[in-house]
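In what follows, every heavy atom counts, from backbone to side chain, and hydrogens, waters and symmetry copies are set aside. Proteins come first, then strands; the chains are lettered A, B, ... in the order of their sequence lines, and each starts at number 1.
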Amino acid sequence: MSDVVTRFAPSPTGYLHIGGAHTALFNWLFARRNGGTFLLRIEDTDRERSTPEAVKEILEGLAWLGITWDEDPFFQTERMERYRAEAGRLLAEGKAYRCVCTPAELDARREAARARGETPRYDQKCRELRPSQTEGKAFVIRFRAPLSGTTIVRDLLRGDVAFDVGELDDLILLRSDGSPTYNFVVVVDDASMGITHVLRGDDHLNNTPRQILLYEALGYPLPRFGHFPLIHGIGGGKLSKRQDDVSVTSYRDRGYLPEAMINYLVRLGWSHGDQEIFSLEELTGIFSLENVGKSPSRFDPERLLRLNAHYIKTGSPERLARLLVPFLKKRGIEAEPSPWLAKAVRTFQERSRTLSEMADSSVYYFRPKDPDPKAAAKFLTPEMAPLFEEIAREFAALSEFTPATIEAVLHRAAENMGAKLGKVAQPIRVALTGGTVSPGIFEVMEVLGREEVIRRLTHSSATIRKN
RNA sequence: GUCCCCAUCGUCUAGUCUGGCCAAGGACACCGCCCUUUCACGGCGGCGACCGGGGUUCAAAUCCCCGUGGGGACGCCA
């Protein structure tokens, strides 16, 4: 048994987005690959913005993707005592101090520093205050960071990155209401949860030296760190919930398959030679940090869509039929997973990129559709009425109604007209499906069944004659 | 502004650590052709990149330096 322990630590302030899922996936894969443990920690210390709905949505998203966690999720709001105790310890040891600067004062000084072109940083005003001077005032607890020196982050992916400690800050550990802040809880939690590998997005690289200082002050052993490249939005820059469509569950709801999402995500910043298609299971055997790149990538919905098309095309019809049912229901079609539905699905696997598309384009399997006016004008011409009737009669006389016997009938009809098959097939397509685009017409008829085909052809010819 | 990271086709990337096999490979997108009852799928072909400049070397996409560009971080958010 390996001793690798990784985690994904989302803050439940919204849905699970592409970036979070990417981070979760890499952590999960690294743990699974190394026979380790993957944990979930819900960073809900920001009570204002955290919601139980977001927690549910995030867990659902992960489960949908097939990313499984090994223990019940940890909730930071349930661990407050631990944070306060650790902060108290630092205070007692002189490694932290009380600061009575108010948010307004800090804001003003920060702005002034910026105006002067300096790095906004806490000016350490309260660093040497005596206890009597903080008496009766609201205070926060600040970390007494070393004043000088260099902290080196030994990053698994980027090598050694040096930070001048002077650039760092006396960060706030406990707010005036006693709640802990991010950099502090992360350290306390990662250490107490036994996290061995902290793998996260590049945007946290700057936080790492601060956290290392905290590890040292608290006397915790250091985990290994690895920062992988961020996923940028379509316009470049951080993914934006406004510009980019990045909610994982929204993709699910639009008919994307989890394996497509996983496959898409894993190839962002990671590669395995020229291979493009990976299953989750396969990944747990080959994923390696060594093949993780360094430069950011850009979210490309087109590529995700294409991958989804691939998985729809190659997926099992039975499973897709099952997944399709709710999409049909949304369109007012009550269907059950069945061999028949699987057969219907099969005719659309090569021409649907999402389950939504499949549901949209297959409605005529479930109920007749009025022909598109333009298609009707072009194909449902008067001379088609007798043809439809003739073909319907021949279908009725067939001993077996299969693509092969259907094809024979249509070919004969075309020959009699001295025309190509298309001359006959296209009008029939319109009569049967209401449009000019569909799967192969013989397959469509097989799915529809002889009775329904005859009914629709008869109905169409009657309509033609009426006009 | 300060600090940090990054830099190969439009996009995802292989190649960079361990220089020569790279007149740079694959995939998506795009364009053309073929297949074909429509649409797709598929097949074949095309377009298309080593950010710039110096250096090191017999040899640089690969190593070093400087520019430039992009990104991230600088909260009593996480």
Provide the distance between the two P atoms, one in G75(B) and one in G69(B), to the nearest whole Å. 26 Å
With rounding to whole Å, what would you report as the distance between U8(B) and A14(B) at their P atoms? 10 Å
Taking a pair as Watson-Crick or G-U wobble with both distances under 3.5 Å, which nucleotide is matched to U2(B)? A73(B)
How long is the line joining NZ of Lys423(A) and C1' of U36(B), in whole Å? 17 Å
Can you tell me if CZ on Arg331(A) sees more than 12 non-hydrogen neighbours from other groups inside 6.0 Å? yes
C1'-based separation of C21(B) from A59(B) [nearest Å]: 14 Å
Scan every strand shown for a Watson-Crick or G-U wobble partner of G45(B), both distances under 3.5 Å, and answer none if you come up empty. C31(B)
NA contact type, Val161(A), heavy-atom cut-off 4.0 Å: base, sugar-phosphate, or nothing? sugar-phosphate
For G19(B), the nucleotide meeting Watson-Crick or G-U wobble distances (both under 3.5 Å) is none
How would you label the contact of Leu205(A) with the nucleic acid (heavy atoms, under 4.0 Å): base, sugar-phosphate, or nothing? sugar-phosphate
When all nucleic acid strands are considered with a 4.0 Å heavy-atom cut-off, which category describes His204(A): base, sugar-phosphate, or nothing? base
Give a yes or no on whether a donor-acceptor pair under 3.5 Å exists between the nucleobase atoms of C76(B), that is its base, and the side chain of Ser176(A). yes
Span that lies between the C1' atom of U16(B) and that of A24(B), in whole angstrom: 12 Å
Just compare C4(B), G42(B), A78(B) and give me whichever is closest to any side-chain atom of Tyr182(A). A78(B)
Could you check whether Glu43(A) gets within reach of a base, just the sugar-phosphate, or nothing at all, counting any heavy atom under 4.0 Å? sugar-phosphate
Nearest-Å distance once atom P is located in both G54(B) and G45(B): 39 Å
Does NZ in Lys378(A) sit with more than 12 non-hydrogen atoms of other residues, nucleotides or ligands closer than 6.0 Å? no
Which part of the nucleic acid, if any, lies within reach of Asn207(A) when heavy atoms closer than 4.0 Å are counted: base, sugar-phosphate only, or nothing? base
When you look at CD of Glu48(A), are more than 12 heavy atoms from neighbouring residues, nucleotides or ligands closer to it than 6.0 Å? no
Give me each pair satisfying side-chain hydrogen bond (donor to acceptor under 3.5 Å, both in side chains) with a member in residues 303-312 of chain A, each pair once, sequence neighbours excluded. Asn263(A)-Tyr311(A), Glu276(A)-Arg303(A)
Using a heavy-atom cut-off of under 4.0 Å over every strand shown, decide if Arg429(A) touches base, sugar-phosphate, or nothing. base
Please classify the nucleic acid contact of Gly293(A) as base, sugar-phosphate, or nothing, using heavy-atom distances under 4.0 Å. nothing
Residues Glu86(A), Arg89(A): salt bridge by 4.0 Å N-O rule: yes
Say we look at U11(B) and C58(B): how far apart would their P atoms be, to the nearest angstrom? 37 Å
Which is true for Ser297(A) with a 4.0 Å heavy-atom rule: it touches a base, it touches only sugar-phosphate, or it touches nothing? sugar-phosphate
Shortest non-hydrogen separation from Tyr364(A) to Leu448(A) and the atoms involved: O-CD1, 3.8 Å
Out of C76(B), C3(B), C12(B), minimum distance to the side chain of Phe163(A) belongs to C3(B)
Touch class at under 4.0 angstrom, heavy-atom based, for Arg298(A) against every strand present: sugar-phosphate
Out of G72(B), G42(B), G75(B), whichever nucleotide has its closest atom nearest the side chain of Arg110(A): G75(B)
Starting at the 5' end of RNA chain B, which residue's closest nucleotide do you reach first, Arg210(A) or Pro103(A)? Arg210(A)
Scan Lys313(A) against the nucleic acid and name what it touches under 4.0 Å (heavy atoms): base, sugar-phosphate only, or nothing. sugar-phosphate
Using a 4.0 Å heavy-atom cut-off, does Leu268(A) contact any base of the nucleic acid, only the sugar-phosphate backbone, or nothing at all? sugar-phosphate
Whole-angstrom distance between A23(B) and C64(B), as gauged at atom P: 23 Å
Protein-nucleotide distance (Asn206(A), atom CG; G71(B), atom C1'), rounded to Å: 11 Å
Rounded to the Å, how far apart are Lys294(A) NZ and C12(B) C1'? 19 Å
Quickly work out the Ile231(A) CD1 to G70(B) C1' distance and round it to whole Å. 17 Å
Heavy-atom nearest nucleotide on RNA chain B taken for Ala162(A) and for Val292(A); more 5' hit belongs to Ala162(A)
Does Arg158(A) reach a base, just sugar-phosphate, or nothing at all? Heavy atoms under 4.0 Å. sugar-phosphate
Which label fits Trp270(A) and His272(A): parallel for a plane angle under 30°, tilted from 30 to 60°, or perpendicular past 60°? parallel
Would you mind reading off the distance between Arg49(A) atom CZ and G75(B) atom P, rounded to a whole angstrom? 15 Å
Rounded to whole angstrom units, what separation is found between the CG atom of Asp160(A) and the P atom of C5(B)? 11 Å
Do Tyr182(A) and Ser11(A) pair up side chain to side chain, a donor and an acceptor below 3.5 Å, judged on atom types alone? no
Between CD of Glu276(A) and C1' of A27(B) the distance, given in whole Å, is 4 Å
Sugar-phosphate only, base, or nothing, as touched by Pro439(A) at under 4.0 Å among non-hydrogen atoms: base
From OH of Tyr364(A) across to C1' of U38(B) the rounded distance in Å is 10 Å
Separation between the C1' atoms of A29(B) and U13(B), rounded to whole Å: 15 Å
Describe the nucleic acid contact of Ser271(A) in one word from base, sugar-phosphate, nothing, applying a heavy-atom distance below 4.0 Å. sugar-phosphate
